[in-house]
Every structure is written in structure tokens, then in C-alpha cells.
Amino acid sequence: MIYIYSLKAPISLCMLFACSLSIGQINQPFTPGKITVNGHMSIGQKGVFSSNYPFIGLVPSQITSYGTTYFYNDFHNDGDFQSKENKAHTIFKKNDSVPLVISGESIISFYGITWDSNAKQKGFVVKSNLDVHGPMEFVQGIVYLDKDNKTLDNRTLGALSVYDKSSIENASDNSHIDGSIEKIGKHSYLFPIGDKGLYRPLILGGSDCPKDVFSVKYSYQDHDFFSSRENKSSIIKYINKQEFWAIDKAQGTSGSIVLSLSLDARTFPDIDLTELSIVQWNNKLEIWQDYGGILEANNTFISALVHLQPDTSYFTLARVDKESQLPGDILVYNFVSANNDGKNDFLYIQNIHRYPINQVEIFDRWGVRVFSQKQYDKYADGTTNVFTGHYNGNSLPSGTYYYIIKYQIGQAHQQRSITKSGSLHLETF
């Protein structure tokens, strides 16, 4: 067993030994040019460990870090590696143009992690499953998640999962995650994802359940994907076929979530922001559907409340004819001032009473449903089944909310369902 508790400078074990170091059982054979751990290794809060040689954790090893660890070469772990205390930090740093490979059949658990490689396009190749519980810093080098490998018991490798306290710093075209990131928990998260050297982040808002699981991947210039997904609703003028984001949710995870897609002139140039919308591919109806959206963060993101499908949900950006309005169709007046002055005291949906088979749902920015009502405003006078800015008898805070309106049009045997979504602003006093 080895303990490293407090040092003024990093201890580089590979500098101290001419050949590799074996930590643990004394009968472990030495392998030139490698550091192998097959016993217990612990690094204290002020301890610093550094390895220039390939690092290998064998099946019986138990490695715990409360301090700082540096790995300048390949990292392989089949044992138990835990580094998730709130001050523990791991730095993967490669000083040449060869990717640093992270592999092994066991889940590797980190708190803070830094990616820094001179191999800028594919700085790191991950062939193991990583859990990140704290900040993730990107300096340079793209982190490629290689899911072509499986364990002996047929589990997929090459996965990255982030938890409640995870955050990101400095992701860019030169340094981000190329692959699918899994978010576990109810926190809002900016996914540092990209493809083919292009960084295209996405934000998922918070959810109600700490066990919610979402998985997100970005794809750039996948023309085969769009060639089989041409149909779009009539209100959509133009689909951005340069990119899409794919989102999966685990069974039991809520499908209502606030989605924010980043904007980039390189993938959608000369776009009229007044026509911009988030659209989703409906796998059942085989058509692109408009979800609307509001511009945020100095027009760098567009956000909308979306409903994820049971299977993979695909999203991209589109130009939408927002002025299109059929005679007699509903029209949402998306401002509510809940001060009982007789003006805008409820969410007014023009013509909704013409379609008695309807349902109106309203969600806050975290995807929490604060209103759900069928036969909305059925007397068209604002007295019945309307949203007045209250939830469970209490006034909701001022801010942006999202609505989903479902209604049926047509005659008895020729009805079809329509879904419209968008945002509203609530002012409470």
C-alpha cells in the first residue's frame, strides 16, 4: 500500500524508478515502461501524484485520490479508481501529437477533470466509462468517445456521464466532447459537444427527479440522415440540414424539458432571427414539427419547451412562417399580467372555444408543469378553465413560461390533432 498525503511539488514515480513501478503485492512482475497498481493506493487532499509512463490499474487495485493526479500517458483501469471528493482533480495532459488513450472495463470516477493535449483534433480516445461529478475544464484537444468496444460481459464502453455538481469551462472548437454525453440528475447542464471539429453546445433545463437520465449527441453534415427525413409541416419554410442534435431519455424520465440550441452562422448563415424556430422530427408521423422558441443570451441560444419521444428525439433549427394564420384558427396572446385590473389577467387564446376537444399545458423554465386544463376557456369569456398566473393557489413568479396546446379540428370522422407550442411572459404584482 502507498500513501501520498502532502508534498510541495508533484511526485513523479516514473522519474524515481528506471523501470516501471508495481504498487501492491510484492509478487507482481515488473514490466518495463509502465506503472502498474494491483493493491491499495491513496492520495491525500494535499498530495500530488504524477505519471509519465502508461498507468495500469489491475482488477484487485483500489485507488483513491483526494488530491491532484497528473497522467501524461495512456491510462488503463480494470480496478476501482475513485476521485470524486470536492477538491480532487485529475489532469490528462499529452505533450505530443499522439492521442492519450483512456481504457479499461471498470467505471472510472472523477470529481474535477482537465483535458489538455497537443494532439488537437483527437487529443484523447476514451475506451472506458467515465463518471464526472465536478468541473470539467477543456484546454485543448478533442475528447473522442470510442463506443466500438465492449466488456467481456457485453457492456458498451466509451461513455461519459455527468452528475449534479458537474460543470464545464472553456469548451471550444479545439476542445470538446465528440460523442454522446449522459446527464444523470435534475440539474440544468450545458453539454460541451461537437462533431468534425465544430463545437455546438446544447443546454437541457432542470427536471423534477434526481434520477432522470438524458443522453445527448451532436451530428454535423450527416446528409444520409436528412435524405430519409424530408417531410415537414406547412408552416416550416426551410430546414437546416447541416446539423442535428439527438436526445435519448431513460425509461421513467420525464419527457417535458426546456431545450436550448446554440446558434452559429457557420451552420445556418444569414438567418432571419424573427423566423427562427426549433423543430423536432416526429418518428410516428414522419414529419418535422415546429416547437417555436425564444432567443436568449445575446441571441446565442434559442429555447423552447419540448416533449421528448419514447425513442430517440431529433432536433434542428428551421425558418418558420410565423405570420401564417388560417381563418378561424387559434391565436395565442402570450402576455399575462396577474393584477386583476381587467387587462391581460388570463392567458387569452383566441378561437380556442371553437375546438372543444383541447388541452392547454403550461410549464416553467425548469420543465415543471404549473397548469393543465381541458376545454380551455370554453365560454370564451375568461371565466372557466383559464390560466391566471397561479399554481396550487399561489401566485407564480414573474418570468418566461412555455405552453403546449393540443386541439382537434375537422368533422367527427375526419378529425386530426394539432399541437402548438411557444412561450409566454407572466407579470405578477
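Remember, it's a predicted structure, so these values are computed and weren't measured experimentally. Numbering of residues begins at 1 and proceeds along the displayed sequence.
Of the possible donor and acceptor atoms, one in the side chain of Ser175 sits under 3.5 Å from a partner among the backbone N and O of Gly141. Judged by distance alone, the side chain of Ser337 and the main-chain N or O of Asp345 form no donor-acceptor pair under 3.5 Å. In this structure, Asp377 contributes its side chain and Gly382 its backbone to a donor-acceptor pair below 3.5 Å. Lys183 contributes a side-chain N or O that, together with a main-chain N or O of Gly185, makes up a donor-acceptor pair within less than 3.5 Å. Listed for the Asn358 side chain is a donor-acceptor partner under 3.5 Å among the backbone atoms of Gln375. The closest donor-acceptor contact from the side chain of Asn170 to the backbone of Val139 lies at 3.5 Å or more, if one exists at all. Not a single donor-acceptor pair under 3.5 Å links the side chain of Thr253 to the backbone N or O of Lys249. The main-chain N or O of Ser106 is found under 3.5 Å from a side-chain atom of Ser128 such that the two form a donor-acceptor pair.
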Practice problem: Applying salt bridge (charged side-chain N to carboxylate O under 4.0 Å, His left out), run through Lys232 and Glu286 and close with a yes or a no. | Solution: CA-CA 8 Å; Lys232 63 183 188 296; Glu286 296 188 341; over 6 Å; no
Hey, mind stepping through Asp195 and Ser219 against side chain to side chain donor-acceptor pair (under 3.5 Å) and telling me if it holds?
CA-CA 6 Å; Asp195 185 29; Ser219 295; 4.8 Å; no
Using the ring-ring contact (aromatic ring centres under 6.0 Å, His included) rule, take Tyr403 and Tyr401 through it: C-alpha gap first, then chi angles, then the decisive distance, then the call.
-> CA-CA 7 Å; Tyr403 63 80; Tyr401 292 78; over 10 Å; no
task: Dump the intermediate steps for side chain to side chain donor-acceptor pair (under 3.5 Å) on Thr274 and Asp272, then the final yes or no.
output: CA-CA 5 Å; Thr274 63; Asp272 183 349; 2.7 Å; yes
(request) Under the side-chain contact (heavy atoms from CB on, under 4.5 Å) rule, what do Leu331 and Asn351 come out as? Steps first, then yes or no, please. (result) CA-CA 7 Å; Leu331 180 63; Asn351 294 324; 5.8 Å; no
For Asp178 and Leu145, what are the C-alpha separation, side-chain angles and deciding distance, and is it a side-chain contact (heavy atoms from CB on, under 4.5 Å)? CA-CA 6 Å; Asp178 186 334; Leu145 304 182; over 6 Å; no
Show, in sequence, the C-alpha distance, side-chain angles and deciding distance for Phe387 and Tyr348, and conclude whether the side-chain contact (heavy atoms from CB on, under 4.5 Å) test is met. CA-CA 9 Å; Phe387 175 68; Tyr348 177 50; over 6 Å; no
*asked:* Does Glu296 form a side-chain contact (heavy atoms from CB on, under 4.5 Å) with Ser260? I'd like the steps, not just the answer.
replied: CA-CA 9 Å; Glu296 297 187 296; Ser260 300; 4.0 Å; yes
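Residues Phe315 and Ile247 have side chains in contact (heavy-atom distance under 4.5 Å, counting atoms from C-beta outward). In this structure the side chain of Arg365 reaches within 4.5 angstrom of the side chain of Thr400, judged on heavy atoms. Within the 4.5 Å cutoff, no side-chain heavy atoms of Ile362 are placed close to those of Tyr402. Counting only heavy atoms from C-beta outward, the side chains of Leu204 and Val216 approach each other to under 4.5 Å. Side-chain atoms of Leu263 and Phe268, non-hydrogen and from C-beta on, never get closer than 4.5 Å to each other. Considering only heavy atoms from C-beta on, Leu347 comes within 4.5 Å of Tyr376 through its side chain. Inter-residue side-chain proximity for Glu275 and Val320 is flagged as unmet; no heavy-atom pair is nearer than 4.5 Å. The closest side-chain heavy-atom distance from Val126 to Asp146 is not below 4.5 Å.
Ionic pairing of Asp173 and Arg266 is present here: one or more N-O contacts between side-chain nitrogen and carboxylate oxygen are shorter than 4.0 angstrom. The existence of a salt bridge linking Asp212 and Lys186 is excluded, since no basic side-chain nitrogen approaches an acidic carboxylate oxygen closer than 4.0 Å. Ion pair Glu361/Lys374 not flagged as a salt bridge, since none of the NZ, NE, NH1 or NH2 atoms sits closer than 4.0 Å to an Asp/Glu carboxylate oxygen. Using a cutoff of 4.0 Å between basic side-chain nitrogens and carboxylate oxygens, Glu105 and Lys127 are not scored as salt-bridged.
Distance CD/Gln280 to OG1/Thr419: 10.5 Å, rounded to 0.5 Å. We find the CD1-CZ distance between Ile330 and Arg354 to be 12.0 Å, quoted to the nearest 0.5 Å. Rounded to the nearest 0.5 angstrom, Asp248 CG and Ser180 OG are separated by 7.0 Å. Atom NZ of Lys217 is separated from atom CG of Leu202 by 13.0 Å, given to the nearest 0.5 angstrom. To the nearest 0.5 Å, atom OH of residue Tyr407 and atom CD1 of residue Ile418 are 5.5 Å apart. From His307, atom NE2 reaches atom CG of Asn282 across 12.5 Å, with rounding to the nearest 0.5 Å.
Asn118 approaches Asn95 most closely through the heavy-atom pair ND2-O, 2.8 Å. Taking each heavy atom of Ser83 and Ala88 in turn, the nearest pair found is OG-CB, 3.5 Å. For the pair Leu157 and Gly104, the tightest heavy-atom approach, listed with the atom from each and the gap, is CD2-O, 3.7 Å. Between Val258 and Asp364, the shortest heavy-atom distance links the atoms CG2-O, 3.8 Å. What you find for Glu243 and Phe226 is that their closest heavy atoms are O-CZ, 3.3 Å. Smallest separation of non-hydrogen atoms from His187 and Ser166: CD2-O, 4.5 Å.
The closest side-chain donor-acceptor pair between Thr90 and Thr69 falls under 3.5 angstrom. For the residue pair Ser372/Gln359, the side-chain donor-acceptor check at 3.5 Å is satisfied. When only modelled atom types and interatomic distance are considered, Gln350 and Tyr333 share a side-chain donor-acceptor pair under 3.5 Å. Using modelled atom types and a 3.5 Å distance limit, the side chains of His425 and Glu427 yield a donor-acceptor pair. Between the side chains of Asn174 and Ser172, no donor N or O sits under 3.5 Å from an acceptor N or O. For the residue pair Ser398 and Thr428, a side-chain donor N or O sits within less than 3.5 Å of a side-chain acceptor on the partner. With no hydrogens or angles considered, a side-chain donor-acceptor pair links Thr383 and Asp381 at under 3.5 Å.
Between Tyr220 and Tyr218, the ring planes lie parallel to each other; the angle is under 30°, not in the 30° to 60° tilted range.
The six-membered or imidazole ring of Phe225 lies near that of Phe244, with a centre-to-centre distance under 6.0 Å. Ring-centre distance between Tyr70 and His89: not below the 6.0 Å cut-off. Side-chain rings of His133 and Tyr163 approach one another, their centers coming within less than 6.0 Å. Residues Trp115 and Phe124 place their aromatic rings such that the two centres sit under 6.0 Å apart. If you look at Tyr72 and Tyr53, their ring centroids are not closer than 6.0 Å.
Under a cutoff of 6.0 Å and an axis angle of 45°, Lys122 and Tyr144 form a cation-pi pair.
Residues satisfying the ring pair (Phe, Tyr, Trp, His ring centres under 6.0 Å) test with Phe71, not counting sequence neighbours, are Phe55, Phe75, Phe92.
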